[in-house]
Amino acid sequence: MRRFLSHNAIALLGQTAVVVQAIVLIPLLVRSAGVATYGAWSLLSTLLTFVFGVSAFGTAYRVARYLPTAQDAQRRRQLFYPQFVFQSFSLVALGLPLLALARSFAEASSQSFSLLLALCYLITYLLFAQANQYLRYTNRITSCILQSALQTYAQVGVALALAAAGLLSIDALLVSYSAVMALASLPVLALVARELGGPIVLPTMAMLRGDFAVGLPLVASFVVDTVLSIGDRFVMVGFLPLADIGAYVAAYALGSLPLLLPRAAGMVVPQMLATAVDEGHPEKAKAIISLSLRLFALIAIPFCAGSAVLGSDVLGMVANADVVSRAALVVPIVAVGSFLYGASMFTSHLLFVHAKTRSLLSANALAAASNVLLNVALLGMIRSVVVPATVTVVSYLILLTVMTRRLAPEWRVRIGMALIAKAIVAAGVMAWILSLLRVHTAVAGIVGIVVATAAGLTIYAVVLLALHRGEVRRHWNNAVQAIS
């Protein structure tokens, strides 16, 4: 239990750095370069992440699944080097044409970026990701998170410096982010070379065929998961101006804050599940997911309720009045979708550890297809950012339902619907009292928002404990006993 909580806490700190970076960029780009430029950067950074994710073509599966339990250097070399070499070539081959296409579109929309700088960003992204992956899957969780956090905060610092100097632009971000990732990668890559030793193991066709057999469904799942998570922004390009897309992305970033917990857990939980399953302790694996889901629900439910009351105030603080007028309703709607998506992320770990990659693919594909089709159909009739936000909720509900059904009956976990119901009641009371206070008290600036948030959390905790006082200790003791 101590290892579970400590590693998740460390991972949460690392994921917080990513959120800080995203939120800091909102006012910097929106206020210095405009909402349209922020929308263009959001689309480009999304494309770069997508290209990197696809370029491995599933060859990274064996690293994620087997490196945590690999003991000798030879075994680690055989797992790590072939996929690194393969992705180094595939990334450039895939990235160049897609980035050239993206630049043509950007120029048509009065935005532009350097193709060479974008390619350099991808290469340094590869170096950083491979270094970070090695730390993660050799169970150096603290070092992994520390590297990610330092890299992210360094990027935030550079962005702030560029904004202060009046030099903030898409190309400037590409250059500075590339330099930071390269510097963060080199010490870890030196560690990799020293620990693995020996010659670099090149990929063979037999290796690649084995990796493709299991990993390609994961890549396809990543593609449809990307479509599901952020594809709506590219659909919106055909119906809404870049300013609306920029406002939507800013509001989406706030509404998706509950995903901090499942994303942090994703750095730790898969390795713990793999170890538990490999050592013949399936009940321990189920207990880890059950506890994770309960903790996530207790945090995400009040966030959804609170964002309905305070979401527009927070959005106005980090962006501007124009963004609020365009996308205030997006925050609470996306928050509900994030709750559903986070639950599906925890469920997906159980499918992953049992190599049910085709089940992951089919679930994501169905949800992604629903997302795209509904957005195209509804945006054609209703030109509003509320449409993709609402479609997000529907799509994530489909995803969670299908993933749960794909699990074998013996792997389905119980989270306690009574606990969820009481959390919803407590969050409802909190939102009601906050809305009354908001009518009679001005919530302005960071101080007002912090005070209102603290008051809301206090109300939620008091009501939840009053409703559930006899059960909290029992749930905690059961979780400790199962995971220990």
Side-chain angles (χ1 to χ4, degrees), residues 10-11 13-18 20-22 25 44-45 47-57 59-60 62-64 67-68 70 73 76-77 79-96 99 114 116-159 161-162 171-203 263-264 266-267 271:
I10 294 168
L13 290 175
Q15 287 297 315
T16 301
V18 177
V20 168
Q21 180 188 45
L25 273 181
L44 176 60
S45 58
L47 177 62
L48 291 167
T49 303
F50 174 77
V51 170
F52 174 80
V54 171
S55 63
F57 291 103
T59 55
R62 289 194 304 139
V63 170
L67 193 60
R76 289 183 174 184
R77 280 199 304 272
L79 290 169
F80 184 77
Y81 279 137
Q83 56 84 32
F84 192 172
V85 173
F86 176 81
Q87 191 176 16
S88 299
F89 288 98
S90 64
L91 181 64
V92 176
L94 182 65
L96 273 175
L99 288 174
S114 166
L116 179 60
L117 292 179
L119 187 61
C120 288
Y121 178 98
L122 275 179
I123 293 170
T124 55
Y125 190 176
L126 169 68
L127 297 177
F128 177 80
Q130 290 286 343
N132 193 256
Q133 177 176 251
Y134 182 81
L135 292 175
R136 175 182 177 185
Y137 293 120
T138 53
N139 299 309
R140 295 174 169 97
I141 299 299
T142 302
S143 299
C144 172
I145 301 303
L146 182 62
Q147 185 204 26
S148 295
L150 290 176
Q151 172 255 344
T152 303
Y153 284 124
Q155 290 179 338
V156 170
V158 171
L162 289 171
D171 280 348
L173 286 174
L174 289 173
V175 171
S176 58
Y177 281 19
S178 298
V180 169
M181 287 189 290
L183 291 173
S185 305
L186 293 178
V188 182
L189 292 176
L191 172 70
V192 172
R194 185 169 65 250
E195 288 191 351
L196 298 189
I200 293 177
V201 181
L202 299 177
R263 284 174 177 158
M267 299 288 293
Q271 298 94 293

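Model, not experiment: these values are computed from the prediction.
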So, for [X] and [Y], which heavy atoms are closest and what is the spacing to 0.1 Å?
| X | Y | value |
| --- | --- | --- |
| Ala131 | Val188 | O-CG1, 3.4 Å |
| Ser185 | Gln147 | CA-NE2, 4.1 Å |
| Leu117 | Ser178 | O-OG, 4.4 Å |
| Ser176 | Val158 | CB-CG1, 3.0 Å |
| Gln87 | Phe52 | NE2-O, 3.2 Å |
| Leu189 | Phe84 | CD2-CE1, 4.2 Å |

State the [atom1]-[atom2] distance between [X] and [Y], to the nearest 0.5 angstrom.
| X | Y | atom1 | atom2 | result |
| --- | --- | --- | --- | --- |
| Leu96 | Leu119 | CG | CG | 5.0 Å |
| Leu191 | Leu135 | CG | CG | 6.5 Å |
| Leu122 | Ser55 | CG | OG | 8.0 Å |
| Tyr177 | Leu48 | OH | CG | 12.0 Å |
| Tyr137 | Cys144 | OH | SG | 8.5 Å |
| Ser45 | Tyr125 | OG | OH | 9.5 Å |

Do the side chain of [X] and the main chain of [Y] share a donor and acceptor less than 3.5 angstrom apart?
| X | Y | value |
| --- | --- | --- |
| Arg77 | Leu196 | yes |
| Gln130 | Leu127 | no |
| Gln151 | Val180 | no |
| Thr124 | Ala182 | no |

Exercise. Take Phe80 and Thr138, measure what side-chain contact (heavy atoms from CB on, under 4.5 Å) needs, and give me the verdict at the end.
Key: CA-CA 11 Å; Phe80 184 77; Thr138 53; over 6 Å; no
Exercise. Quick one: which residue pairs count as a salt bridge (Lys or Arg N to Asp or Glu O under 4.0 Å) with a foot in residues 141-156, not counting sequence neighbours?
Key: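 Non-adjacent pairs meeting salt bridge (Lys or Arg N to Asp or Glu O under 4.0 Å): zero.
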Self-check item: Plane angle bin for Phe86 and Phe57 - parallel if under 30°, tilted between 30 and 60°, otherwise perpendicular
Solution: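 The arrangement is perpendicular - the two ring planes meet at more than 60°.
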